[in-house]
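Here the structure comes first, spelled out in structure tokens, and everything after it is commentary.
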Amino acid sequence: MARTRDTDACPGALQVHPSADGALVRVRLPGGMITAAQLATLATVSIGFGSGTLELTSRGNLQLRGITDVAAVAQAIATAGLLPSAPHERVRNIVASPLSGRVGGYADIRTWVGELDATICAEPRLADLGGRFWFSLDDGRGDVCGLAADIGVQLLPDGPVLALAGQNTGLQINDVTATMVGLALRFLEVRGKAWRVNELADINALLPGVELGSLFLPIDKTPVGWIAQNDGLVTLGAAVPLGVLSARVAEFLAATGAPMVVTPWRSVLVCDLDERVADTALRVLAPLGLVFDENSPWLRISACTGRPGCAHSVADVRTDAAHALNASPAVHRHFVGCDRACGSPLIGEVLVATGSGYRQLRS
């Protein structure tokens with residue numbers, strides 16, 4: 001599929017999107033990682049200059065809506081350490097196994113996240129990547145490799161294996177960061193009118209001589225509840241209904257002082273808590289609307305922005321999704337306001353608003 005425009009309109013913290021409800025700011029969080037102080041800053045600017053909410057995206061990023069002073073918000077984001085390179089701010093798209101280094105997986109890949117982010121920011125040419133081009137690092141548990149990143153790595157018992165557009169190349173690599181950055185640079189050379197790897201007329205132009213294998217299977221498994229870490233500490237996994245986090249609730253999360261991870265399944269992991277603090281935090285956070293029950297129907301339903309925030313939408317899809325909560329079947333259902341189907345997961349049903357109801361886009 002060829003791109004339809006010559007410029008990249010994907011929003012960031014500096015290049016914002018003029019939504020129907022005001023300016024939309026998207027903050028990239030490599031690996032989904034964010035400190036309590038950084039989350040508190042985003043909550044403060046959302047209350048002071050925006051809608052008073054934070055939205056979790058399917059790439060583990062955060063976005064703020066209805067921003068009235070873009071310059072002030074950008075300055076606050078930069079001061080918080082969330083904008084290390086202005087030219088690269090929209091291309092720092094790195095998704096990693098959220099629990100890596102704390103529980104499960106073959107190894108702790110958080111070091112790779114930091115190295116890859118630093119290397120991207122240090123390479124001027126990579127600022128030309130599109131804002132939707134992204135990288136994934138899977139520590140072997142198979143949680144993010146199936147999300148079909150443009151360039152991905154899955155760690156296996158005998159070493160890391162390269163993936164392109166979610167397809168297994170079978171190619172074992174030694175230097176993860178160098179390989180991924182090298183392929184991203186190669187993509188810029190061969191992309192033509194493509195913005196994403198899966199839009200290339202011939203993916204072999206990116207990696208000649210390598211036969212692509214099967215697609216990694218996507219999963220829809222939000223880590224929620226009380227999660228015991230390998231070191232005896234605790235992670236609390238909190239799903240955020242419809243991905244909309246009240247800035248006031250974000251302030252309560254930040255009050256834990258704990259490191260956090262925003263996941264691609266629109267949840268927040270509050271990490272490295274001792275059991276006493278975790279128990280107290282759970283008692284405080286659960287009544288605020290965060291979901292800690294892995295059987296909750298909120299984990300099987302999602303939606304795009306819809307009305308009134310998106311001018312393309314023909315319905316208030318979030319309200320409709322919430323009304324359909326108790327009727328939600330075992331399969332995940334994603335409600336969207338138009339055929340662009342923004343934020344759609346790779347598995348489950350996608351239901352498109354028609355103005356008089358919904359039709360199934362795919363299942």
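Values below: every heavy atom of this structure, side chains too, minus hydrogens, waters and symmetry copies. In what follows, residues are counted from 1 in the order of the sequence shown. Computed from a prediction, not measured in an experiment: that's the story for all the values here.
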Any L54 side-chain heavy atom under 4.5 Å of L39 side chain: yes
Side chain T263, main chain P98, donor-acceptor under 3.5 Å: no
Reported NE2-to-CG distance for the pair H332 and L299, which is rounded to 0.5 angstrom: 9.0 Å
Verdict with supporting geometry, D279 and E275, side chain to side chain contact (heavy atoms under 4.5 Å, CB included): CA-CA 6 Å; D279 182 68; E275 290 191 1; over 6 Å; no
Donor-acceptor contact below 3.5 Å, side chain E89 vs main chain L14: yes
Donor-acceptor pair, side chain of T222 and main chain of V224, under 3.5 angstrom: no
Side chain to side chain contact (heavy atoms under 4.5 Å, CB included), paired with L129, selected from L188, L185, D8, D150: L188
Side-chain donor or acceptor of T169 paired with backbone N/O of L162 under 3.5 Å: yes
Salt bridge D272-R102, side-chain N to carboxylate O under 4.0 Å: yes
T57 side-chain N/O to R59 backbone N/O, donor-acceptor pair under 3.5 Å: yes
Aromatic ring pairing F133/F187, orientation class (parallel under 30°, perpendicular over 60°, tilted between): tilted
Straight-line distance of L212 CG to N204 CG, nearest 0.5 Å: 6.0 Å
Steps toward side chain to side chain contact (heavy atoms under 4.5 Å, CB included) verdict (R191, V197): CA-CA 8 Å; R191 73 178 185 180; V197 166; over 6 Å; no
Note: D139-R110 ion pair, threshold 4.0 Å (strictly below): no
Flag side-chain contact, heavy atom, 4.5 Å: V190 against D202: no
Euclidean distance, D320 CG relative to Y358 OH, rounded to 0.5 Å: 3.5 Å
Evaluation steps, side chain to side chain contact (heavy atoms under 4.5 Å, CB included), between L24 and V16: CA-CA 6 Å; L24 170 67; V16 302; 5.8 Å; no
Row check, W195 ring normal vs R132 NZ/CZ: under 6.0 Å, within 45°: no
Salt-bridge contact E199-R196 (side-chain N to carboxylate O under 4.0 Å): no
L269 side chain near L236 side chain, heavy-atom distance below 4.5 Å: no
Between D143 and S97: side-chain donor-acceptor atoms closer than 3.5 Å: yes
Q172 and P160, any side-chain heavy atoms less than 4.5 Å apart: no
Any donor-acceptor pair under 3.5 Å from E123 side chain to R125 backbone: yes
Distance (rounded to the nearest 0.5 Å) between R186 CZ and L206 CG: 7.5 Å
Greater than 12 external heavy atoms within 6.0 Å of N174's CG: no
Donor-acceptor under 3.5 Å (R90 side chain, C10 main chain): yes
Heavy-atom donor-acceptor pair, S46 side chain to G52 backbone, under 3.5 Å: yes
P241 side chain reached by V291 side chain, heavy atoms, under 4.5 Å: yes
Interatomic distance, L200 atom CG to I203 atom CD1 [nearest 0.5 angstrom]: 6.5 Å
Salt-bridge present (D316, R307; N to O < 4.0 Å): no
Heavy-atom donor-acceptor pair, H88 side chain to A122 backbone, under 3.5 Å: no
Note, S58 side chain near S302 side chain (heavy atom, < 4.5 Å): no
Pairing of R65 and E55 as salt bridge, 4.0 angstrom limit: yes
Within-4.5 Å side-chain heavy-atom neighbours: L155 and D138: no
Any side-chain donor near an acceptor of the partner, T79 and Q75, under 3.5 Å: yes
Expected output: side-chain T41 to main-chain A37 donor-acceptor under 3.5 Å: yes
Atom CZ of F252: over 12 foreign heavy atoms under 6.0 Å: no
Heavy-atom neighbours of R283 CZ exceed 12 at 6.0 Å: no
Within 6.0 angstrom of E189 CD, more than 12 heavy atoms from elsewhere: yes
Side-chain touch R318/V244, heavy atoms, less than 4.5 angstrom: yes
